[in-house]
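Both backbone and side-chain heavy atoms feed into the values below; hydrogens, waters and symmetry mates do not.
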Amino acid sequence: MSGPRVPLAARRPRRAAGPRAGALRRDVAAGLINAVVSVPDGLASAALAGVNPVYGLYTSVAAPIGGSLLVSAQLMQISTTSASALAAGQAIAGYPEARRDEALFLLVVLAGLFLVAFGLLRLGRLVRFVSHAVMTGFLIGVAVVLILDQAAPLVGLAPRGSNEVAQFLDLLASLPGASVPTTVVGVLALGLAVGLGRTRLATFSSLAALLVPSLLVALAGWEGVRLVADVSPIPRGVPTPTLPDPGLITPALLLAAFSLAVIVAVQGAGVSQSVENPDGSRISPSRDMVAQGAGNVVSGLLRGIPAGGSLGQTALNVSVGARSRWAGVLGGVWMLVFLLLLADLVGRVPMAVLAALMILAGVSAIDFREARSIWNTGGAARWAIGVTFVATLVLSIPMAVAAGVLLTVVLYVASSA
């Protein structure tokens, strides 16, 4: 004899709503922290690229939303990076100042399209063939160039020279003419970022380094300190879409876009492999290239700078408890809220503060232990890291990337033989 029938709805196991709600709350909180940290990083990266700093904030809206929806590495943060900003700044330096912004947006869109093509061609599997010594030499070189490049705005000088090394030597000769208030502001920002970075407030150290010196300049009335608004006016409200002018395309810009895409692809592959998905799903470097490409296309259309997988932002995202890709999406949404409410305050940030933050980013990007290990290996590894490092210092970023790729091929052929 059969018992009483149980309604179908009662027989179905109910999904617990708690874990989902808890994960969403964690993603909302992680997105807010990501957006707060992205304010100084975005401003500083855009200043490094030589354009209106607010474009970095536009990128922090567009890239996380456009890219996080597609990534396979769900916790990877797509945001501004110093290497891509530096490469973009060098690529558009030859354009007239009136057309430089348009050239940048076009460069970002082209780099994004290259990244999408890389991913669709499944070139993610080729990343492992890039020599570790070559990539280490390139990344250290980019970090050193970043430090040298930002030393001038830190002390309020404008040195001359054909490259960053020559400009730094000219800067040393011109130090007696440095601006004392600007130097005080920059050193204060450095001290706050380093000091708070060793405490429980490390997550907000960059924000404190941004706010405290800005308040000091406003209260002390130091008119000689250059502000973000002195470089370019800060537009109010939401970024409006713009179509880049295809007439600005040149062979040099295409080469720069390709090089920029290679930089973002290789760095992004390293970042995506450094985290695991909470649900245990497989990570695909090729799919992440498509995601970063989409983020850059959206960023370029919304007047943003280049973006890619950020190791620091991704580590922060994991540490604050993010549980899914929605932490990245919500980070972009929070940044949009900041733009609507805080646009006027952004223009009051001293340029020396942004320089200090970028210098710290450059120092933290240098892995001295890894470089020493590769150098002690000797032979081909020593040549690879040395040649790539020197090429990055004295050549443009695209040329340094080309030299690194060529060196990788030569080393691969030599080892195979």
Side-chain angles (χ1 to χ4, degrees), residues 40 43-51 53 82-83 85-94 97 136-195 197 206 209-210 213 216-217 222-228 230-231 349-368 371-372 375 385-400 403:
L43 292 173
S45 295
L48 179 62
V51 294
S82 56
L86 187 61
Q90 291 185 351
I92 64 173
E97 188 171 354
T136 302
F138 172 72
L139 293 177
I140 293 177
V142 168
V144 172
V145 169
L146 171 61
I147 295 169
L148 298 179
D149 184 79
Q150 294 302 297
L154 184 73
V155 295
L157 292 175
R160 298 180 180 179
S162 57
N163 55 47
E164 277 74 13
V165 176
Q167 292 174 11
F168 184 72
L169 294 176
D170 185 60
L171 173 69
L172 294 178
S174 306
L175 274 180
S179 168
V180 174
T182 300
T183 305
V184 169
V185 170
V187 172
L188 176 60
L190 282 172
L192 286 171
V194 174
S206 295
L210 182 76
L216 174 62
V217 172
W222 288 344
E223 297 181 357
V225 178
R226 199 179 190 200
L227 306 179
V228 168
D230 297 330
V231 177
V349 176
M351 295 299 295
V353 171
L354 303 184
L357 294 175
M358 292 310 298
I359 288 174
L360 288 179
V363 173
S364 64
I366 301 177
D367 191 337
F368 294 98
R372 190 182 303 112
W375 186 261
I385 190 172
V387 170
T388 311
F389 173 73
V390 173
T392 307
L393 287 182
V394 300
L395 301 176
S396 65
I397 295 292
M399 292 301 296

**Q.** Step-by-step side chain to side chain contact (heavy atoms under 4.5 Å, CB included) determination, Leu210 to Leu354
**A.** CA-CA 8 Å; Leu210 182 76; Leu354 303 184; 4.1 Å; yes
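For the residue pair Val225 and Pro350, the shortest heavy atom distance occurs at CG1-CB, 3.9 Å. Here the closest heavy-atom approach between residue Gly156 and residue Ser179 is recorded as CA-CB, 4.5 Å. The nearest pair of heavy atoms linking Leu171 to Ala151 is CD2-CB, 3.5 Å. Heavy-atom minimum distance, Ile366 versus Ala143: CG1-CB, 3.6 Å. The nearest pair of heavy atoms linking Ala356 to Ala189 is CB-CB, 3.8 Å. Contact between Pro40 and Leu357 at its shortest, heavy atoms only, is CB-CD1, 3.4 Å.
We find the CG-OG distance between Leu146 and Ser45 to be 8.5 Å, quoted to the nearest 0.5 Å. If you take CG on Leu43 and CG on Leu48, they are separated by 12.5 Å, rounding to the nearest 0.5 Å. Distance check: Gln150 CD to Leu360 CG gives 11.0 Å after rounding to the nearest 0.5 Å. For the atom pair CD1 of Ile359 and CG of Leu190, the computed distance is 6.0 Å after rounding to the nearest 0.5 Å. To the nearest 0.5 Å, atom CG of residue Leu395 and atom CD of residue Gln90 are 9.5 Å apart. Taking CD1 of Ile147 as the start and CZ of Phe168 as the end, the distance is 9.5 Å to the nearest 0.5 Å.
Proximity of Leu192 to Pro213: side-chain heavy atoms (C-beta onward) are separated by under 4.5 Å at one or more points. Counting heavy atoms from C-beta on, the side chains of Val185 and Thr182 never come closer than 4.5 Å. A heavy-atom distance below 4.5 Å is found between the side chains of Val145 and Leu393. By the 4.5 Å heavy-atom criterion applied to side chains, Val217 and Val353 are not counted as neighbours. In this structure the side chain of Val228 reaches within 4.5 angstrom of the side chain of Met351, judged on heavy atoms.
A side-chain donor-acceptor contact under 3.5 Å links Asp170 to the backbone of Arg160. Side chain of Gln167 to backbone of Gly161: a donor-acceptor contact under 3.5 angstrom is found.
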